[in-house]
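Heads up: the structure comes next, in structure tokens.
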Amino acid sequence: NAEDKYMEFLEWLDDMLEDKTKPCPSLAEMAKLCASMPVEDFAPRRRAIFACLKVRSGDLEAAMGKARKEAAKEAAANFNHSAITADDVKALVDDLLDSDLKEYQKKQAEHLIWTFLKTHSTVYCCDGQGQLLMNDGDGVPIDVSPDSQSFNKLLISFGVHPGSPSRHRIGSFVETQCFHEGIQTTTRLAFHFDRKMFTAYAASRHGWMVKITRFGLEEVPNGTDDVLFVYPPSWTPLLTKPLEEVGGELGTEGDFPKSDMCVHALFVDGFLVRNLFGGTNFEIRSMSEKQVRILIMSYLLFLMAPGVVAERALLQALGPSSSGKTFLLELIGFVLCGPKFSPRSLPTDITEFEIQVINSAFLVYDNVSKIPADIRDRFCASVTGLEIVRRVLFTDKREMREMSKAIISLSAIEAPLPELEHQNRTITINFGEREAGSFIAKEELLRVVAQNRDDIILNLMRRMTLAL
């Protein structure tokens, strides 16, 4: 058969190249023989063939290209077009295009890199964008895009540098393969809730996530159950160490009730009173301190399970200056997003706003007085799920449709969204004047939270199991 004949040819070629006394074919004959050799067979024999023929490399490459083209033309002329198959067309096109040895080698390089990636990683297509989760990597997905530094680093390890023309060509090929062969899913940010499985997931550390069910907590690798978390530069780990190393304080002698005595997810235990709410005293109209704590607990668990309800209501904190309205929102963000979290100003550019809502899990816009009309519409749409449409990288026309991930909140003196349509989508908290002499520096309060954040997070996760 063809395989046996090819092996006999390789054996003859190796014998001839090793034994200098044996006659060497002409350039045209050798080019015809070598024209169909795969790169992996030709490359290690390349120099020896040049030496045997006593020609330059360019002469042999040109002769091989001519031999391929002549063979393809002859095959096409004698082809039965009524019985042609896609594989037949591919073979002919390969011979015609690969008459240029450089083109042939480029295609071989593309397939070699893709085969390695497919073998050594889990391939995803997330909203039209390729992602690679390497088997022996750190659990952080590699975004297949032109400006992805992690993808650049991976290609550099294969000898393909960012400035080379091959960078774009190989990237485009890998992106196309991801689109057709990758697991179809959506990237997640910080938290995810699967409504079908009734399971919550939290990105605990780089490459790891905590799977939360009514049966308990389990730390599993990123990508488990096809849940793929991404980690933007601003992302802060939810836990500073593995879950099994976080003991989860049950409370001191003075704490009541103890954490393990709580059977209702929203009722605060003694540990949270001391380390999360210690020193805080929110003057909220028509709500007692106990009700305020239940409200905050509800919203924290709501943020940890995005998608548990169809809509993601906007949280609006209103009140006079220094009433604590911004601190409440900052406290929520500090707990779930880490010490790097801080309120920000509302952007005036709609593109910037869209970038923020797909790259953040929780946003706090501080001291909002007026919302531009086009962004106001986006505010409304983000509650039900704002879809951002962008061009897929490496392409000119294909679109990537990505849902917004952020839950939005804002603080203001007066409501910037007074219309009934917006009020129906908003949770509004009205703050009263703070009593004189009751001010405590927020840095002092947040320092206590930071020192106990691991245990606070574990406490909240345990409450998630109760809620589920």
Side-chain angles (χ1 to χ4, degrees), residues 38-40 43 68 72 84-137 139-189 222-223 226-232 355 358-359 387-403:
V39 171
E40 59 266 25
R68 287 196 188 96
I84 195 170
T85 66
D87 289 338
D88 296 330
V89 173
K90 179 182 182 302
L92 287 174
V93 171
D94 281 346
D95 287 338
L96 289 169
L97 293 181
D98 297 344
S99 59
D100 177 2
L101 186 60
K102 292 181 180 179
E103 173 68 17
Y104 178 62
Q105 292 171 337
K106 289 175 183 176
K107 289 168 67 175
Q108 290 291 318
E110 290 169 359
H111 283 286
L112 181 63
I113 290 175
W114 169 247
T115 301
F116 176 88
L117 294 176
K118 186 170 62 172
T119 305
H120 293 82
S121 72
T122 303
V123 181
Y124 296 90
C125 180
C126 303
D127 302 307
Q129 186 67 42
Q131 299 278 353
L132 303 171
L133 193 62
M134 304 304 295
N135 296 343
D136 57 351
V140 177
I142 297 174
D143 178 20
V144 181
S145 66
D147 56 354
S148 169
Q149 294 301 327
S150 55
F151 190 50
N152 280 340
K153 183 178 180 181
L154 178 63
L155 290 182
I156 289 173
S157 69
F158 299 142
V160 180
H161 290 207
S164 70
S166 297
R167 167 63 174 84
H168 181 83
R169 174 171 174 152
I170 292 173
S172 181
F173 180 76
V174 172
E175 172 65 25
T176 299
Q177 296 298 95
C178 289
F179 179 82
H180 291 287
E181 299 187 29
I183 298 170
Q184 299 292 324
T185 186
T186 299
T187 54
R188 310 297 177 182
L189 186 63
N222 190 24
D226 293 337
V227 176
L228 188 68
F229 281 101
V230 292
Y231 309 91
I355 291 173
I358 63 174
N359 289 308
E387 185 179 56
I388 309 298
V389 181
R390 296 183 296 174
R391 180 177 63 84
V392 174
L393 301 173
F394 286 119
T395 70
D396 293 325
K397 296 182 179 180
R398 187 155 57 88
E399 293 179 339
M400 179 178 73
R401 298 178 176 272
E402 187 170 0
M403 300 301 295

_Quick check for you: to the nearest 0.5 Å, what is the distance between Met134 atom CE and His120 atom NE2?_
7.5 Å

*Can you measure from CD1 (Ile142) to CD (Gln149) and round to the nearest 0.5 angstrom?*
12.5 Å

*Exercise: identify the closest heavy-atom pair between Cys125 and Cys178*: CB-O, 3.5 Å

*Closest approach of Ile355 and Asn359, non-hydrogen atoms and distance?*
O-ND2, 2.9 Å

*Short side-chain to backbone donor-acceptor contact, Asn152 and Pro162, under 3.5 Å*: no

_Donor-acceptor check, side chain of Thr119 to backbone of Thr115, threshold 3.5 angstrom: yes or no?_
yes

*Yes or no on side-chain contact (heavy atoms from CB on, under 4.5 Å) for Trp114 and Thr176, after CA distance, side-chain angles and deciding distance?*
CA-CA 11 Å; Trp114 169 247; Thr176 299; over 6 Å; no

*Of all residues at least two apart in sequence or in a different chain, which pass the side chain to side chain donor-acceptor pair (under 3.5 Å) check with Ser148?*
Ser150

*Could you tell me the separation between the NZ atom of Lys118 and the CD atom of Glu181, rounded to the nearest 0.5 Å?*
4.5 Å

*Verify, without hydrogens or angle tests, whether Gln129 (side chain) and Val144 (backbone) share a donor-acceptor contact under 3.5 angstrom.*
yes

*Which heavy atom in Glu110 sits nearest to a heavy atom in Phe173, and how many Å separate them?*
O-CE2, 3.6 Å

*Which residue, Val227, Leu228, Val230, forms the side-chain contact (heavy atoms from CB on, under 4.5 Å) with Asn222?*
Leu228

_Nearest heavy atoms of Gly130 and Asp143, plus distance in Å_ = O-OD1, 3.5 Å

_I want to check something: taking the side chain as every heavy atom from C-beta on, are Tyr231 and Pro141 in contact at a cut-off of under 4.5 Å?_
yes

*Look up atom CZ in Arg167 and atom OG in Ser164, then write down how far apart they are to the nearest 0.5 Å.*
8.5 Å

*Inter-residue atom distance His111.NE2 - Lys106.NZ, 0.5 Å rounding*: 14.5 Å

*Partners meeting side-chain contact (heavy atoms from CB on, under 4.5 Å) with Ile183 (sequence neighbours left out)*: Thr122, Tyr124, Asp226

*asked:* Under the rule for salt bridge (Lys or Arg N to Asp or Glu O under 4.0 Å), what residues qualify as partners of Lys153, not counting sequence neighbours?
replied: none

*Can you check whether Leu154's main-chain N or O pairs, donor with acceptor, with Ser157's side chain at less than 3.5 Å?*
yes

*Report the distance from atom CD of Glu175 to atom NE2 of His168, rounding to the nearest 0.5 Å.*
10.5 Å

